[in-house]
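Inspection log for the structure reproduced underneath, given as structure tokens.
The model shown is predicted, which means the values in this text are computed figures rather than measured ones. To find a chain, count down the sequence lines: A is the first, B the second, and so on, and within it residues start at 1.
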Number of protein chains: 4
Amino acid sequence: MKASSSQAGPVPLTPTDNSPPPSRRGAAARTRGLLLDSARRRFAYDGYAATTVRDIADDAGVNVALINRYFRSKEGLFEACLKAVIDELVHAARTVADLEQIPEIIVSHTAGVLAVDGPRDALLLLLRSSGDERTEQMRTGLLRTFSERLAAAAGWRPDDPTGDQLLLRAQLVLSVAFGITVLRASPGLEPLGSATEQDLTGPLRDLVEALLTRH
Amino acid sequence: MKASSSQAGPVPLTPTDNSPPPSRRGAAARTRGLLLDSARRRFAYDGYAATTVRDIADDAGVNVALINRYFRSKEGLFEACLKAVIDELVHAARTVADLEQIPEIIVSHTAGVLAVDGPRDALLLLLRSSGDERTEQMRTGLLRTFSERLAAAAGWRPDDPTGDQLLLRAQLVLSVAFGITVLRASPGLEPLGSATEQDLTGPLRDLVEALLTRH
Amino acid sequence: MKASSSQAGPVPLTPTDNSPPPSRRGAAARTRGLLLDSARRRFAYDGYAATTVRDIADDAGVNVALINRYFRSKEGLFEACLKAVIDELVHAARTVADLEQIPEIIVSHTAGVLAVDGPRDALLLLLRSSGDERTEQMRTGLLRTFSERLAAAAGWRPDDPTGDQLLLRAQLVLSVAFGITVLRASPGLEPLGSATEQDLTGPLRDLVEALLTRH
Amino acid sequence: MKASSSQAGPVPLTPTDNSPPPSRRGAAARTRGLLLDSARRRFAYDGYAATTVRDIADDAGVNVALINRYFRSKEGLFEACLKAVIDELVHAARTVADLEQIPEIIVSHTAGVLAVDGPRDALLLLLRSSGDERTEQMRTGLLRTFSERLAAAAGWRPDDPTGDQLLLRAQLVLSVAFGITVLRASPGLEPLGSATEQDLTGPLRDLVEALLTRH
DNA sequence: TATGAATGAGAATTCATTCAT
DNA sequence: GATGAATGAATTCTCATTCAT
């Protein structure tokens, strides 16, 4: 049985772009963008295999064949989504300079109302797989980068012989972020499901401090 | 493109039962069990939609049609897997009496070599969806139960007016467990990927203490 | 979609034989008979392709594999049914000596409550096909025989040069019989659906007289 | 064993439309029509269950998937066929004003060479069932309408207290039509099998007069 | 003789993708 | 650039039949 989200689209709100095609030139970029947005949501919430290219095209309000035109294939589209998400997260990782910022970063990628998200589906999509080798590696690469960045904020250095302990702890912090994301994607679990940024920040501060301070 | 695991099976090791078919009369239970085991692994690692009934049958070494015979449909099989996992987890939840036990419980469901698992794929499968309403509810029900149990170990009571804070923190602990699981399912992230139970227990103790003590 | 009759059996009444297996010897014949009865009804009402060997076995209350044991195949079973029906009808045809008997013969094979029939499904089954060449010929052979017999009662002789007219009229009489059967098999058409033998005899007398007298 | 007609198609003659596809844009209606034609023949002659969607698509010379595109399912296609047939027959029923016309109407729907038919398979298809409740009702509805129309031509009125007798006789007339159809569908029964319209009209006149005049 | 287990062929349907306009 | 039409490769499921007890 297909997910009920198939007809309605997982998050039909905030179509991101309702403006008419700006001209002849530029219409392509706009269509590409619409598809990318829809795909990202679908892939994130329903997973790669459960998502139909028709779902995506319908959400975007464009013809299915354009997916192949602009992205060569369903998998090409997935890769494009992944690339976009990774870019965002690499950027976010760079902003992590010290431990105090970590809770905030996590919260900004996991909290918020599901429907209004956009950047909120990033972590979720990162966990999805199309089964393709290349995207698998992109994913792993980012995870590594991100956890090293978190560890670095706690004093970790690549050549530190005893650094594995710290890196492991950083990856546990990362785990919380992903854990929150997957649990929030599974509806009905309160109070986590509708926790606000404020609700989460306090506990996360405790958590980060416990895991990453003086170890 | 299909997942590369399609041919090899995600983890074909430890078939759990290599014994020869016990006569023929009465072999039904064994066959059913083989299918359940294979399905559980496949669904957990590849997801519902990406898993083919043929994959499952081949892993189990039996004919595809038997899936329909014993479980009515692919979805029936998924539901059976989910039920089994939920039973295990409900049992695990019951053993949680005080905070000290929590790290151990988490570790026992998240660590261990991927290939040797069995109970280790429980959390992962719990996150998978077939899109069916009923299984969705089973999942949510368990998540609620489990988080309440964790909170209770920290002193939470259902009628406590300010208990939501504690329940939220318990759900964050649960998040870590799921987060570890999904990150370990994504191969290549070291040191988390091959962390042993000992490696994880210490940090988790800090984490549980920070989140659930005196709040 | 399968016919709703699949679970309930088209006519579960009058199992024809509820007696316990008489001995070891003789059990075979009884089982064979049970299967033949069930098959006949199923084939007649649902058609060959829509009927499942499991439907038949379940109706008869015996194991499916026995169909192959006793009749070699589904088609063998169908052929056996057809043969039985043909035997009955050949016998009926022989009793037709003059025109007055024809309405009665028709009525006895078309009227009666659907559920209680037995000989009433004969004509219906005769119209069913398994697609096999041989059964097709058996069917045609009987139809020929029967219509010649009807024509003979009206004075037709095989070598009569102008006899075709009369034979055609006899086949129209046969048509009525089959027409009544198929219309009665399609439920809800009143008053034909529940017409009694008395209701039908009068009109049929008029019909036979009009078609077969002095031409 | 499958019907021998499976490979050859029941009556592949007169494809109704040999014209080349009219451009490509807008070819949908033509394809739909081709499928409808093939389906009608197949369903009428082989029955619903014995007919394969691939048979139909091959007869029509188009891809199988288009059946689902245009009719949603095999059953949807059957329903479309039934609807078309019913429309034709309702139209035919309306033309019946007095008794003299009845033989002609019957003849026009039952005679003619099998291969050249088109409207000739209407009655046959009407007797076929997919097992679906809804189509069953459509069928019964038409049968009722049609027989009332025949009865009306003989003076029957809906509120006539003794009208059942007349209605029953009208349904016997209908029976002849269906009887002729099913007997002609079963090949090899001469002279009925190749009787022309002229051959049938005379006897049918006698029959209608005997059944429907002054009763 | 009877039965539950197992199998392989075939059926309907879905879906990503390509083609022609 | 965009679209409706068409295709072929899967995928799930059903079913007649065979096997071993």
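With rounding to whole Å, B:F71 atom CZ is found 15 Å from E:dA5 atom C1'. In this structure, B:R72 atom CZ and F:dC15 atom P are separated by 13 Å, rounded to whole Å. Here E:dA11 presents its P atom at 14 Å from OH of D:Y48, a figure rounded to the nearest Å. If you take CD1 of C:I67 and P of E:dT3, they are 13 Å apart, rounded to a whole angstrom. In this structure, A:K74 places its NZ atom 15 Å from P of E:dT18, rounding to the nearest Å. Whole-Å rounding puts the C:L77 CG to F:dA16 C1' distance at 12 Å. Atom CG in A:N68 sits roughly 15 Å away from atom P in E:dC15 (whole-Å rounding). Atom CG in D:L66 sits about 13 Å away from atom C1' in E:dT13, given to the nearest Å.
A salt bridge links D:R42 with D:D59: the closest approach of a Lys/Arg side-chain nitrogen to an acidic carboxylate oxygen falls below 4.0 angstrom.
Taking side-chain N and O atoms only, B:R69 has a distance below 4.0 Å to OP1 or OP2 of E:dA5. Considering only side-chain N and O atoms, C:T31 lies under 4.0 angstrom from the phosphate OP1 or OP2 of E:dA2. For E:dG4, the OP1/OP2 oxygens have a side-chain nitrogen or oxygen of C:N63 closer than 4.0 Å.
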Dot-bracket for DNA chain F, 5' to 3', Watson-Crick and G-U pairs with both distances under 3.5 Å, [ ] for crossing pairs, | for partner on another strand, reads .||||||||||||||||||||
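Among B:R41, B:R128, B:R40, the single residue meeting the salt bridge (Lys or Arg N to Asp or Glu O under 4.0 Å) criterion with B:D121 is B:R40. Of the options B:R139, B:R134, B:R72, a salt bridge (Lys or Arg N to Asp or Glu O under 4.0 Å) to B:E79 is made by B:R134 and by none of the others.
Counting any heavy atom pair closer than 4.0 Å across all strands shown, C:Y70 reaches sugar-phosphate atoms only and no base atom.
Here the straight-line distance linking atom CG of C:L35 with atom OH of C:Y70 works out to 8.5 Å at 0.5 Å rounding. Between the OG1 atom of C:T135 and the CG atom of C:L126 there is a distance of 10.5 Å, given to the nearest 0.5 Å.
If A:S73 and B:A29 are placed on DNA chain E by their nearest nucleotide, the residue sitting closer to the 5' end is B:A29. The residue among D:V64 and B:R54 whose nearest nucleotide of DNA chain E is located toward the 5' end is B:R54.
No side-chain donor-acceptor contact under 3.5 Å links D:K74 to the backbone of D:I67. Looking at D:S130, its side chain does come within 3.5 Å of a backbone N or O of D:D132 through a donor-acceptor pair.
Residue B:A65 has its side chain nearest to F:dT14 when only E:dT13, E:dC19, F:dT14 are considered. Candidate nucleotides F:dT7, F:dT18, F:dC13 were compared by shortest atom distance to the side chain of D:V62, and F:dT7 ranks first. Distances were taken from every side-chain heavy atom of C:T52 (C-beta onward) to each of E:dT18, F:dC15, E:dT1; the shortest belongs to F:dC15.
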